[in-house]
Structures are given as structure tokens and as C-alpha cells.
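Comments concern the structure below.
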Amino acid sequence: MTLHRKMLADLGVLAGLAGFTIWYLLDAWKASASAENLILIVPIAAIVLLLCLLDLFTQLKKGVTDDHRNREPVASILPVMGLFAAYVLSLEWLGFDLGTVLFVGGFLLLQGERRWVWVLGYSLCFGFLVALFFANMLPYPMPMALLPTDY
């Protein structure tokens with residue numbers, strides 16, 4: 001694989017992300033153009049598309065860099081992808097709150113964090129705050145294991 005292929009791969013991922021964002025935004029708009037449906041989707045889609053443009057211009061300006069030369073092999077990210085797949089598949093029966101806590105803790109361990117106080121503290125705080133946020137923001141109930149679902 002040449003260095004230019006690595007840069008093209010990055011640009012392909014960027015184009016895929018922008019394309020998926022536009023598709024999702026148009027699909028959500030077609031489903032319901034109400035402000036309640038689009039209040040989170042439109043601003044986040046705009047931010048994602050702006051970040052994609054910024055990254056595109058940055059990559060084209062810099063060209064091939066050390067980031068492309070010193071990239072980790074794809075096999076090193078497979079455990080994280082597996083952990084994320086397990087997280088998504090387990091949310092219905094494990095609950096969003098407990099599943100998020102376990103995912104964040106597992107991710108920190110996979111990234112080399114060995115201080116258990118940090119792993120437990122960060123995963124508990126982040127997981128439950130995210131679960132509370134989404135439970136209060138979404139108009140439909142989220143499956144929860146520990147937190148009450150009647151918000």
C-alpha cells in the first residue's frame with residue numbers, strides 16, 4: 001500500500017461520513033419536517049458536515065503526513081469494533097445505562113488504562129450522565145437497567 005492510498009482511504013471515509021449524514025438528514029426531513037423531530041438532527045448534521053469540510057481542506061493542504069506513515073494496522077482496531085458491536089447488540093436486554101457504563105469501561109481497558117479508580121469512576125459518571133441526558137431528551141423511553149424510565 002502506498003502512502004497515497006492511505007490518504008485516499010481517509011478521504012473515502014470522510015466522503016462516506018458526509019454522504020451518510022446527508023442521507024440521514026434528508027430521510028429524517030422526509031419522515032417528519034417538524035421542529036420536534038429535527039431539533040437535534042439538523043444542528044448535529046450541520047456540525048458534522050462542517051467538520052468534514054474542514055478536514056477535507058486540511059488534508060488536501062497538508063498532503064501525505066506522518067499520520068499516514070505511522071498509522072496502526074487495521075487489526076489493532078478490531079477489538080474496539082467488536083466491543084462496540086457487542087454494546088449495540090446488548091442494549092435492548094442489558095439497558096442503555098448499564099450497557100454504556102460497561103462499554104466505556106471496556107474501551108478504557110482496551111486503550112491501556114489500568115488505574116481501576118479512573119476506569120470505574122469515568123465509566124460510571126459518563127455512562128449514567130449520557131443515559132440521563134438521552135432519557136430526558138428523547139420523546140420515547142429508553143431501555144434502562146438501573147435508572148428509572150419514567151421521565
Side-chain angles (χ1 to χ4, degrees), residues 1-113 118-119 122-145 147:
M1 180 184 291
T2 66
L3 294 176
H4 296 287
R5 285 187 181 166
K6 290 182 180 179
M7 186 175 173
L8 287 175
D10 286 352
L11 294 176
V13 169
L14 198 59
L17 178 62
F20 178 76
T21 302
I22 291 169
W23 168 79
Y24 187 79
L25 178 62
L26 293 174
D27 190 54
W29 191 286
K30 187 173 70 174
S32 171
S34 70
E36 183 178 302
N37 186 44
L38 301 174
I39 196 163
L40 288 175
I41 296 171
V42 171
I44 290 175
I47 290 169
V48 168
L49 292 172
L50 285 173
L51 289 173
C52 286
L53 279 175
L54 177 68
D55 194 38
L56 172 68
F57 290 129
T58 302
Q59 283 196 42
L60 292 177
K61 182 179 176 184
K62 287 184 179 180
V64 178
T65 64
D66 286 340
D67 289 341
H68 297 103
R69 290 183 193 96
N70 300 328
R71 181 164 296 153
E72 291 184 45
V74 173
S76 68
I77 63 168
L78 291 178
V80 174
M81 291 173 62
L83 180 66
F84 184 70
Y87 166 65
V88 170
L89 293 173
S90 70
L91 286 179
E92 188 174 338
W93 57 269
L94 194 58
F96 185 71
D97 51 357
L98 186 58
T100 302
V101 169
L102 293 174
F103 171 74
V104 171
F107 180 78
L108 289 172
L109 291 171
L110 282 175
Q111 294 302 307
E113 181 60 59
W118 282 99
V119 171
Y122 188 79
S123 61
L124 285 170
C125 289
F126 182 82
F128 284 123
L129 286 175
V130 166
L132 285 171
F133 173 78
F134 281 111
N136 286 306
M137 291 300 294
L138 295 176
Y140 48 84
M142 297 285 294
M144 300 285 186
L147 295 175

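Predicted model, so just to flag it, every value in this text is computed and none were measured.
Side chain of Asp27 to main chain of Trp23: no donor-acceptor pair is present (N/O by atom type, distance under 3.5 Å, no hydrogens or angles).
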Listing, residues 89-106 side-chain donor-acceptor contacts under 3.5 Å, not counting sequence neighbours, or none:
from: Ser90; atom 1: OG; to: Ala86; atom 2: O; distance (Å): 3.0
from: Ser90; atom 1: OG; to: Tyr87; atom 2: O; distance (Å): 3.1
from: Asp97; atom 1: OD1; to: Ala145; atom 2: N; distance (Å): 2.8
from: Asp97; atom 1: OD2; to: Ala145; atom 2: N; distance (Å): 3.4
from: Asp97; atom 1: OD2; to: Leu146; atom 2: N; distance (Å): 2.8
from: Asp97; atom 1: OD2; to: Leu147; atom 2: N; distance (Å): 2.8
from: Thr100; atom 1: OG1; to: Tyr87; atom 2: OH; distance (Å): 2.9
from: Thr100; atom 1: OG1; to: Phe96; atom 2: O; distance (Å): 2.6

When the side chains of residues 51-58 are checked against the rest of the protein, which donor-acceptor pairs come out under 3.5 Å, sequence neighbours left out?
from: Asp55; atom 1: OD2; to: Gln59; atom 2: NE2; distance (Å): 3.1
from: Thr58; atom 1: OG1; to: Leu54; atom 2: O; distance (Å): 2.7

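Within 6.0 Å of CD1 on Ile39 lie no more than 12 heavy atoms contributed by other residues, nucleotides or ligands. More than 12 heavy atoms of other shown residues, nucleotides or ligands fall within 6.0 angstrom of atom CZ in Phe128.
Atom CG of residue Leu49 and atom CG of residue Leu17 lie 8.0 Å apart, to the nearest 0.5 angstrom. Between the OG1 atom of Thr21 and the CD1 atom of Ile44 there is a distance of 10.5 Å, given to the nearest 0.5 Å. Interatomic distance, CG of Leu14 versus CG of Leu11, reported as 6.5 Å (0.5 Å rounding).
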Item to complete: Decide yes or no on side chain to side chain contact (heavy atoms under 4.5 Å, CB included) for Trp118 and Leu108, but give the supporting numbers first.
Response: CA-CA 9 Å; Trp118 282 99; Leu108 289 172; over 6 Å; no
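What you find for Pro139 and Glu36 is that their closest heavy atoms are CB-OE2, 4.4 Å.
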